A.B. asks: 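Structure incoming, see below.
None of these values were measured; they are calculated from a predicted model.
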Amino acid sequence: MSDPVGKLPSELDQLPDRDTEETAEWAASLDAVAQAAGTRRAEYLLRRTLQHAEAAGLALPKLLETDYVNTIPTAAEPEFPGDEAMEARITAWNRWNAAAMVTRGSKYGVGGHIATFASAAWLYETGFQHFFRGKEADGSGDQLYIQGHASPGIYARAFLDGRISEQQLDNFRQESGGNGLPSYPHPRRLPWLWEFPTVSMGLGPLSAIYQARFNRYLQNRSIKDTANSHVWAFLGDGEMDEPESTAALALASREQLDNLTFVINCNLQRLDGPVRANFRVVQELEAQFRGAGWNVIKSLWGSAWDELFQLDTTGALVRRLREVPDAQFQTYATRDVAYIRQHFFGANADLVQLAGVLSDAKIAECFHSSRGGHEPRKVYAAYKAALEHKGAPTVILAQTVKGYTLGAGFESKNANHQMKKLTIDEFKGMRDLLGLPIPDSAFADGVVPYGHPGANSPEVQYLNERRAALGGPAPARKVKHVALPAPADRSFAPLLKGSGKQEMATTMAFVRLVKDLMRDKETGKRWVPIVPDEARTFGMESLFPSAGIYSPLGQTYEPVDRDQLMYYKEAKDGQILNEGITEAGAMADFIAACTSYATHGEPMIPFYIFYSMFGWQRTADQMWQLADQLGKGFIVGATAGRTTLTGEGLQHADGHSHLIASTNPASLNYDPAFAYEIAVIVKDGLRRMYGEQPEDVFYYLTVYNEPKVQPAMPEGVEEGILRGLYRFNTAADLAEAAPAADAPTVQLMASGTAIHWILEAQKLLAAEWNVAADVWSATSWGELRRDALECDEALLRGEVRTPYVTRALEGATGPVLAVSDWMRQVPDQISQWVEQDYTSLGTDGFGLSDTREGARRHFGVDAQSIVVAALAQLARRGEVPASAVKEARERYGL
């Protein structure tokens, strides 16, 4: 094994060799082993040496992949503390009821999934019996991210412990009557049971990492003792293909989140077939997690394999396991012993010899069912090792058979994810396999019965005793409302009185407001500023030295700008979460903070500020997750609008986030024009989300980076700001060039920065065209529409209500022209409830790089374009001559 000729240089060639003779002796020894005992032996010695070096703490790269065997040998497994026979009976009842619930529901066409829980039952049951801490003990308990497709098994367990009735089981996926069960973990639909929505695959693992990180954040900031809380995320091997699933692995390792365990159910199947048909997903995941710095535990083979490994004196079995692709293992699980003898053991003479001493029954047991994820002792050993490991998060790769115990028609079949029911005969076979006391007479009407051993049965008593010892039922969501006192009015006063002659962007107005609110003695510490590496863009660098940037290590270096007033300060108790360039990670952080009131009984007030284009467009799925999880907080789309962010071009120009946001029922969407509007909205938001009667809503505010003089708040506009519309001024308020008393009138309506365009247009209309224009600030097109829809719904019930937008505009003369820095669909949301002639201007199409003035002229939303559009409306009504429209176009160069 001498060095190959022409080999590429490596990093070792750059290191000085202090003893070349010793190095040569090591190489010669390896050559001798390879020549005398073969390359396999040489490889084995190298791997054992590297493992020994790693265990000894030597600074060497870790092995990214180990043999396809269990990490914890059978001899090293701890003693199992439970009653295995009792726990087997409990698991059997849960398997039965999960399958029965989905099968019974299939007659209504509502579907459901059976095979996932069938494979993962012991992964859950072992945790529920021995590890998962409930919320009735000290602290917050554990946080459980249940794999969405396994929900029937969780419902079955809640049925066994008396928290769910048989009627509710029969209403699985039939919620409209008010007594049903949601298809997947949906806290908004079943808020006493589910904590975390997980079935939008990929978001569960991402959120679990940031939840574990937020637990440490609360701990390090002395807000809540979360030392005993552990985050368990149950995932599928196919789910790990979602980019969000592995997006934050390095964060978890970097911050040493040993309060986090991923349990990946490796049944080798995704929704349509094998996860890695020609490869081995377990080995791939092991390398991926080890490379990211995680502790990896593989629980692949059940105890039936112990005899095979003991007989494998040449290593042929281990080598064969490492080379067989996943799809072939899936095939082995469905074929007879003769096939396995030929295609697995027939690969070489050593395996043929090994198979010769194995009975057909032993081979069938090993290849058809004996997997590490199906044995409580194996699972218990893995979980215990995960909790005992310190300094890094742990991933458990547990191999199972998808559809396990459901019979030959289900187990390992490619189509089993879409299979929604078992036949009566298949249920009888399952009953016999599980040993359940369900007589044939129970199937007399052709419907599979639910099974329950009785509320006072040994099984239920054992289950309840175990949960009591662990702190109460799980999963469970418990909310003990803690109302936060309203901040002092002095925090809002600077924005309400305006900026005088000083120009200030609304982005800066919001940041200044929050900075003042963070000084509040009662609630200041509960603010959680979240930003994805753009704090300086949004003017937030002033928060760095005062609030500090959270880091569990503190600041281990001297920052380059330490001699400056606003230096980059990291601190273990830092308040700001600066996530780097990851909007998905920042949203996961935001969700953890938004739901701390339920998870930990500690209400936090997060605000997540980002480029508006990279919020709803990029992470809208997480916004729905936030709504499902009943989160509360402020999402702030900064540098909003399609023409305000100059020079950034097509992809940075947001003209549609309010349209996307309007689809989310939990999101209250505002596009404030002035600083005082922001103050009013935030103050009311704190009341609605954190006051005595909290609502399960969150806020989306768009703010702009265009400096403008901020006026003082007029009297009596608070209701209009919150409802979505108020009259800012009238033509009669103009100090100069007021139109004649009998001048034609138009109503100009705008949101956000567009208010300044219509104010300029108001002056032009009066001075150059003798047209009177009233100016309206539309703080929320979405809230106006929401109110109008509620009025329409009330009408169907016989209740006559007039929408607020209709009432606000009542008596306003002339047509309405609505303008915004958004697509026309945004202001057009309210058009059907406006009794006046209504039209709109917006920024439809792709964005482009230009000056603000150039971009606005391009989209036809600048003041001059507004004037022409207003004259055109009046001309159609015969209130101004048509020639005025042509004259205006020519005058303004349109």
Side-chain angles (χ1 to χ4, degrees), residues 658 662 668-674 677 680-681 713-734 739 741-752 754-759 761-762 765-766 771-795 799-822 824-842 861 866-867 869-880:
H658 269 285
S662 69
L668 306 184
N669 311 310
Y670 286 89
D671 187 29
F674 302 119
E677 293 176 353
V680 171
I681 293 166
M713 184 173 72
E715 291 186 8
V717 300
E718 289 92 337
E719 181 188 8
I721 291 172
L722 299 175
R723 299 294 294 272
L725 182 68
Y726 68 95
R727 187 172 358 223
F728 176 72
N729 72 12
T730 67
D733 296 323
L734 292 175
D742 60 348
T745 303
V746 66
Q747 307 298 321
L748 299 181
M749 185 184 298
S751 67
I755 198 79
H756 303 289
W757 317 338
I758 67 170
L759 284 170
Q762 180 191 40
L765 285 166
V771 171
D774 292 350
V775 168
W776 298 75
S777 179
T779 55
S780 178
W781 311 101
E783 285 305 288
L784 292 173
R785 176 178 175 80
R786 196 190 304 261
D787 169 76
L789 290 174
E790 290 173 357
C791 291
D792 286 357
E793 292 171 4
L795 187 62
E799 179 185 346
V800 179
R801 290 166 47 189
T802 303
Y804 175 81
V805 64
T806 307
R807 290 188 283 113
L809 289 168
E810 186 176 4
T813 57
V816 173
L817 176 59
V819 186
S820 78
D821 208 6
W822 309 94
R824 290 178 62 178
Q825 289 106 309
V826 175
D828 285 352
Q829 293 179 84
I830 66 170
S831 60
Q832 71 186 82
W833 297 282
V834 175
E835 295 181 340
Q836 293 84 351
D837 292 340
Y838 185 94
T839 191
S840 63
L841 296 177
V861 293
I866 294 168
V867 169
L871 292 173
Q873 279 184 291
L874 293 170
R876 283 194 294 270
R877 295 161 59 93
E879 298 180 23
V880 300

A.B. asks: Going through the checks in order, is the side chain to side chain contact (heavy atoms under 4.5 Å, CB included) test met by F728 and D733?
C.D. replies: CA-CA 10 Å; F728 176 72; D733 296 323; over 6 Å; no
A.B. asks: Measuring from S751:OG to H658:NE2, what's the distance to the nearest 0.5 Å?
C.D. replies: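 That separation rounds to 6.5 Å.
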A.B. asks: Do Q873 and T839 get their side chains close enough for a donor-acceptor pair, meaning under 3.5 Å?
C.D. replies: no
A.B. asks: Output yes when E810 and R807 qualify as a salt bridge under the 4.0 Å nitrogen-oxygen rule, no when they do not.
C.D. replies: no
A.B. asks: Testing the basics here: between S777 and E677, what is the closest heavy-atom pair and its distance to 0.1 Å?
C.D. replies: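 Smallest heavy-atom distance, with atoms named: OG-OE2, 2.7 Å.
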A.B. asks: Side chains of W757 and D821: do they bring a donor and an acceptor to under 3.5 Å?
C.D. replies: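 Result is no, nothing qualifies.
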A.B. asks: Out of curiosity, L841 CG to R824 CZ, how far, rounded to the nearest 0.5 Å?
C.D. replies: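 Reported value, rounded in 0.5 Å steps: 6.5 Å.
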A.B. asks: As an exercise, state the distance from CG of L748 to CD1 of I755, rounded to the nearest 0.5 Å.
C.D. replies: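 Interatomic distance, L748 CG to I755 CD1, rounded to 0.5 Å: 9.0 Å.
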A.B. asks: How close do L734 and A766 get, heavy atom to heavy atom, and via which atoms?
C.D. replies: CD1-CB, 3.7 Å
A.B. asks: Over all heavy atoms of both residues, which pair between V861 and G842 is shortest? Give the atoms and the distance, please.
C.D. replies: CG1-O, 3.4 Å
A.B. asks: Below 4.5 Å, heavy atoms only, C-beta onward: do P827 and V819 meet side chain to side chain?
C.D. replies: no
A.B. asks: Which distance, rounded to the nearest 0.5 Å, do you find between the OG1 of T806 and the CD of E835?
C.D. replies: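 These two atoms lie 5.5 Å from each other.
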A.B. asks: Please tell me whether Y804 and E719 have a donor and an acceptor in their side chains that are separated by less than 3.5 angstrom.
C.D. replies: no
A.B. asks: If the test is side chain to side chain contact (heavy atoms under 4.5 Å, CB included), which one of L725, V826, N669 qualifies with W781?
C.D. replies: V826
A.B. asks: Is any side-chain heavy atom of W776 closer than 4.5 Å to one of L809?
C.D. replies: yes
A.B. asks: Kindly indicate, with the supporting measurements, whether the criterion side chain to side chain contact (heavy atoms under 4.5 Å, CB included) is fulfilled by V834 and Q747.
C.D. replies: CA-CA 12 Å; V834 175; Q747 307 298 321; over 6 Å; no
A.B. asks: Below 4.5 Å, heavy atoms only, C-beta onward: do M713 and I721 meet side chain to side chain?
C.D. replies: yes
A.B. asks: For residues N729 and L759, determine if any side-chain heavy atom of one lies less than 4.5 Å from a side-chain heavy atom of the other.
C.D. replies: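 In short, these two side chains touch, coming nearer than 4.5 Å.
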A.B. asks: Measure the OG-CZ distance between S780 and R785 for me, rounded to the nearest 0.5 Å.
C.D. replies: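 Reported value, rounded in 0.5 Å steps: 12.0 Å.
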A.B. asks: Ignoring hydrogens, what is the shortest heavy-atom contact between D792 and Q832? Give both atom names and the distance.
C.D. replies: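 So the two residues come closest at OD2-NE2, 4.3 Å.
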A.B. asks: Any side-chain to backbone donor/acceptor pair from Q836 onto G814? Under 3.5 Å, distance only.
C.D. replies: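 Flag not set: sc Q836 to bb G814 has no pair under 3.5 Å.
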A.B. asks: What's the verdict on side chain to side chain contact (heavy atoms under 4.5 Å, CB included) for V805 and D787, showing C-alpha distance, side-chain angles and the deciding distance?
C.D. replies: CA-CA 8 Å; V805 64; D787 169 76; 6.0 Å; no
A.B. asks: Please report the shortest heavy-atom distance between I681 and L722, naming the atom on each side.
C.D. replies: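 Shortest heavy-atom separation between I681 and L722 comes out as CA-CD2, 4.0 Å.
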A.B. asks: Using only heavy-atom distances, determine whether the side chains of W822 and D671 contain a donor-acceptor pair under 3.5 Å.
C.D. replies: yes
A.B. asks: For A731 versus D774, what's the shortest heavy-atom pair and its separation?
C.D. replies: N-OD1, 3.2 Å
A.B. asks: Begin from the C-alpha positions of V771 and E879 and carry the test side chain to side chain contact (heavy atoms under 4.5 Å, CB included) through to its verdict.
C.D. replies: CA-CA 10 Å; V771 171; E879 298 180 23; over 6 Å; no
